[in-house]
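Written out below as structure tokens is the structure these notes cover.
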Amino acid sequence: MSAIYTPLQQAATVSREDGGGSGEQDRAQLNSLEIVSLERDSQADHETREGTVFKPAEVSEEGLRREIGLFSASSIIIGQVVGSGIFSTPASVAILCGTPYMALILWFISGVFSLGGALASAELGTMFPQNGGMIRYLAHSYPRPRALVATIMAYSVTFFCRPAAIAANVAIFSQYFFFAAGRADYIESRDYLLRGIGALVMTALMVLNMVSVRWSLRLLNLFAIVKIVTLLVVSFTGFLLMVGAVKRTSGTNWSRGFQGTRLDAQSFASAMTRLFWSWEGWSNVGYVVGEVKNVKRNLPLSLGLAMSTLAVLYLLANVAYFSVIPLEDIDNGTLLAAQFMDKLFGKAMGQVVLPVCIGISILGVVMSELFGGGRLMYTAGKTGFVPYGDVLGEIHPRFGTPVYAMAIIWGLSLVFLFAPPPGKAFDLLVELVQEGMWYFYALTAFGVILLRKRLPRYPLRRFRSSLVLSFLFGALSFALGILQFYPPAEIPGKKKPELPYYLAPLLGVIFMTLCLIPWYLRMWRYVNKTGIQLLGWINAEEQEVLMMVN
């Protein structure tokens with residue numbers, strides 16, 4: 001049980017044992033303890049009151065150092081959201097829609113809905129201000145039967161989705177730097193060399209994550225700055241083109257209006273799937289919320305600022321791309337951003353500078369995934385979902401990080417990096433990373449609505465998201481999960497996938513179904529055999545906080 005609730009429990013014990021004291025005195029005592037418990041993270045120094053020394057602000061109730069401020073929290077979000085998607089996705093989305101105008105509308109809609117999901121996560125993060133993100137949120141939202149949803153999420157994400165995503169991204173990172181170095185032939189012929197370089201880089205980043213939270217955050221901030229600067233170069237050029245400060249390339253993109261727009265189910269589903277994955281990543285800060293300073297302020301603000309800023313930059317980037325490159329001239333074998341840079345600034349920018357920036361951008365994604373992934377494994381162990389929680393939930397006394405949990409994430413990532421053979425198997429791994437998360441996002445958004453009804457006066461709910469946006473995001477996320485089984489639209493110029501389109505989502509569902517096995521072994525067989533109640537913390541956390549208003 002987290003120490004954040006200990007003062008409240010002590011207050012209740014004192015109140016019951018005294019037996020004397022008025023209700024007003026008891027309430028005053030609870031209120032004073034609430035202030036100490038909830039606002040301790042805003043104190044800058046030790047405070048001494050009547051001989052009691054309080055814990056310094058740098059250490060959270062979980063024993064983790066609170067070193068994540070507003071900028072670093074925003075960097076964690078940006079680090080996960082901005083990869084290579086915005087530099088390539090606009091081309092396929094515009095082709096699927098038929099016109100850039102419709103593409104802009106879909107970018108805006110997907111951005112608003114994604115903001116709804118992010119704000120829903122912010123509400124849940126302020127209610128349950130410890131590490132774990134969706135694992136913790138789903139446990140509170142769906143506690144029965146025996147936290148089934150949270151358990152499936154814990155196993156499928158910590159043991160598969162997160163390490164597989166890290167492996168996929170470090171391999172892709174190497175490709176961009178070989179391309180920038182003029183050795184594009186290595187991408188096909190030296191597959192394991194690329195993986196080896198990716199493994200070395202990943203190991204270096206993981207070691208940094210283990211030994212220093214502060215320097216890890218500084219590097220994350222640096223990666224975020226590179227991403228924003230790269231987007232600003234493209235987006236600001238788009239703004240100049242829009243106001244006429246830079247002469248546009250002659251074309252028919254904007255003059256055609258909505259003529260040629262396609263709204264069939266296949267094109268819409270394929271476009272929305274690509275768009276939502278370009279926004280995906282805002283949930284990452286929830287996994288480290290226990291280390292965020294002044295959670296009730298910085299968590300909602302970082303999510304709102306990061307997503308709003310990226311929305312503006314994404315829209316301007318699309319304007320820039322299609323003000324320069326006619327839709328008919330899009331080469332789907334080349335990054336759209338590279339085509340854009342080639343036309344405006346020459347081949348050196350498009351074929352050297354931009355690939356390096358995208359490579360750094362992907363490296364930022366890896367750094368963010370490692371940082372959050374270690375906390376995911378830490379939470380899965382500490383909350384009892386996976387065995388050996390005493391080891392996984394251990395914080396290194398010197399470094400202040402969950403080193404054992406991070407080491408397991410690193411080891412699993414290496415397995416996923418080197419186990420699949422080149423070609424179809426590794427491509428399938430990249431696709432599998434995306435499957436299944438849609439359902440967890442949907443259930444998390446619906447969880448906000450459920451908890452509003454079940455815990456309407458929850459004292460730690462210091463931020464309220466829009467229930468309408470939460471519902472819309474949840475409904476669309478669930479629909480996107482189902483639409484993975486729908487035949488995708490064909491994109492001209494794109495090579496048709498060799499593997500069946502339904503294979504990745506089918507394997508994703510099968511893997512989540514297999515997670516029922518550890519759920520049964522852990523939550524039923526182990527609990528019934530030992531008598532240890534692994535999930536008592538869910539109700540205990542809620543009840544001890546609700547004492548504030550009783």
Side-chain angles (χ1 to χ4, degrees), residues 1-9 11-12 27 30-31 33-34 37-38 61 113 116-154 157 282-283 286-287 289-290 295-296 299-300 303 379-380 382-385 438-478 519 523-524 527 533-550:
M1 185 184 302
S2 173
I4 189 173
Y5 304 105
T6 302
L8 302 177
Q9 186 179 34
R27 189 175 298 278
L30 285 171
N31 288 339
L33 286 166
E34 176 193 357
S37 178
L38 298 180
E61 291 78 7
F113 279 32
L119 295 180
S121 179
E123 177 173 334
L124 294 171
T126 59
M127 291 177 67
F128 311 110
Q130 297 117 322
N131 283 355
M134 284 194 291
I135 291 180
R136 192 173 294 274
Y137 308 156
L138 293 172
H140 283 281
S141 300
Y142 310 95
R144 296 183 181 86
R146 302 200 181 187
L148 171 63
V149 176
T151 306
I152 292 176
M153 192 270 179
V157 175
W282 43 263
S283 60
Y287 302 138
V289 72
V295 174
K296 62 185 179 183
L299 181 61
L303 282 162
T379 302
K382 194 174 180 65
T383 52
F385 288 112
W438 292 123
Y439 307 112
F440 295 129
Y441 285 139
L443 290 169
T444 300
F446 292 145
V448 173
I449 301 172
L450 294 175
L451 290 172
R452 287 277 188 95
K453 293 183 177 180
R454 187 166 68 82
L455 302 172
R457 300 179 62 200
Y458 200 72
L460 295 187
R461 185 187 281 114
R462 300 305 177 91
F463 173 81
R464 287 178 176 266
S465 60
S466 166
L467 291 184
V468 174
L469 282 179
S470 295
F471 176 79
L472 290 174
F473 174 78
L476 187 56
S477 295
F478 188 79
W519 171 71
M523 297 303 172
W524 290 88
V527 168
Q533 298 302 313
L534 295 173
L535 300 175
W537 60 271
I538 300 174
N539 186 61
E541 285 183 356
E542 295 176 2
Q543 292 305 314
E544 291 175 25
V545 172
L546 287 171
M547 288 169 55
M548 298 180 195
V549 293
N550 293 333

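What you see is a predicted model, and the numbers here were worked out from it, not measured in a lab.
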Hey, could you give me the [atom1]/[atom2] distance between [X] and [Y], rounded to the nearest 0.5 Å?
| X | Y | atom1 | atom2 | result |
| --- | --- | --- | --- | --- |
| Ser141 | Leu451 | OG | CG | 4.0 Å |
| Met127 | Glu541 | CE | CD | 11.0 Å |
| Leu124 | Ser465 | CG | OG | 7.5 Å |
| Arg454 | His140 | CZ | NE2 | 8.5 Å |
| Trp519 | Phe385 | CH2 | CZ | 12.0 Å |
| Arg457 | Arg452 | CZ | CZ | 15.5 Å |

Handout entry: Any Leu119 side-chain heavy atom under 4.5 Å of Ser466 side chain
Key = no
Handout entry: Validation row: Phe440, Ser477 side chains within 4.5 angstrom (heavy atoms)
Key = no
Completion exercise
Closest non-hydrogen contact found for Trp282 with Ala118 is CE3-CA, 3.7 Å
Problem - Over all atoms of both residues, closest heavy-atom pair of Tyr441 and Ser283 - result: OH-OG, 3.4 Å
Handout entry: salt_bridge(Glu123, Arg462) N-O dist < 4.0 Å
Key = no
Handout entry: Aromatic ring pairing Phe446/Phe471, orientation class (parallel under 30°, perpendicular over 60°, tilted between)
Key = tilted
Handout entry: Pairs satisfying salt bridge (Lys or Arg N to Asp or Glu O under 4.0 Å), at least one member in residues 139-150, at least two apart
Key = none
Problem - Ring centroid separation Tyr458 to Phe128 under 6.0 Å - result: yes
Handout entry: Heavy-atom neighbours of Tyr142 OH exceed 12 at 6.0 Å
Key = yes
Handout entry: For Arg464, salt bridge (Lys or Arg N to Asp or Glu O under 4.0 Å) partners two or more places apart
Key = none
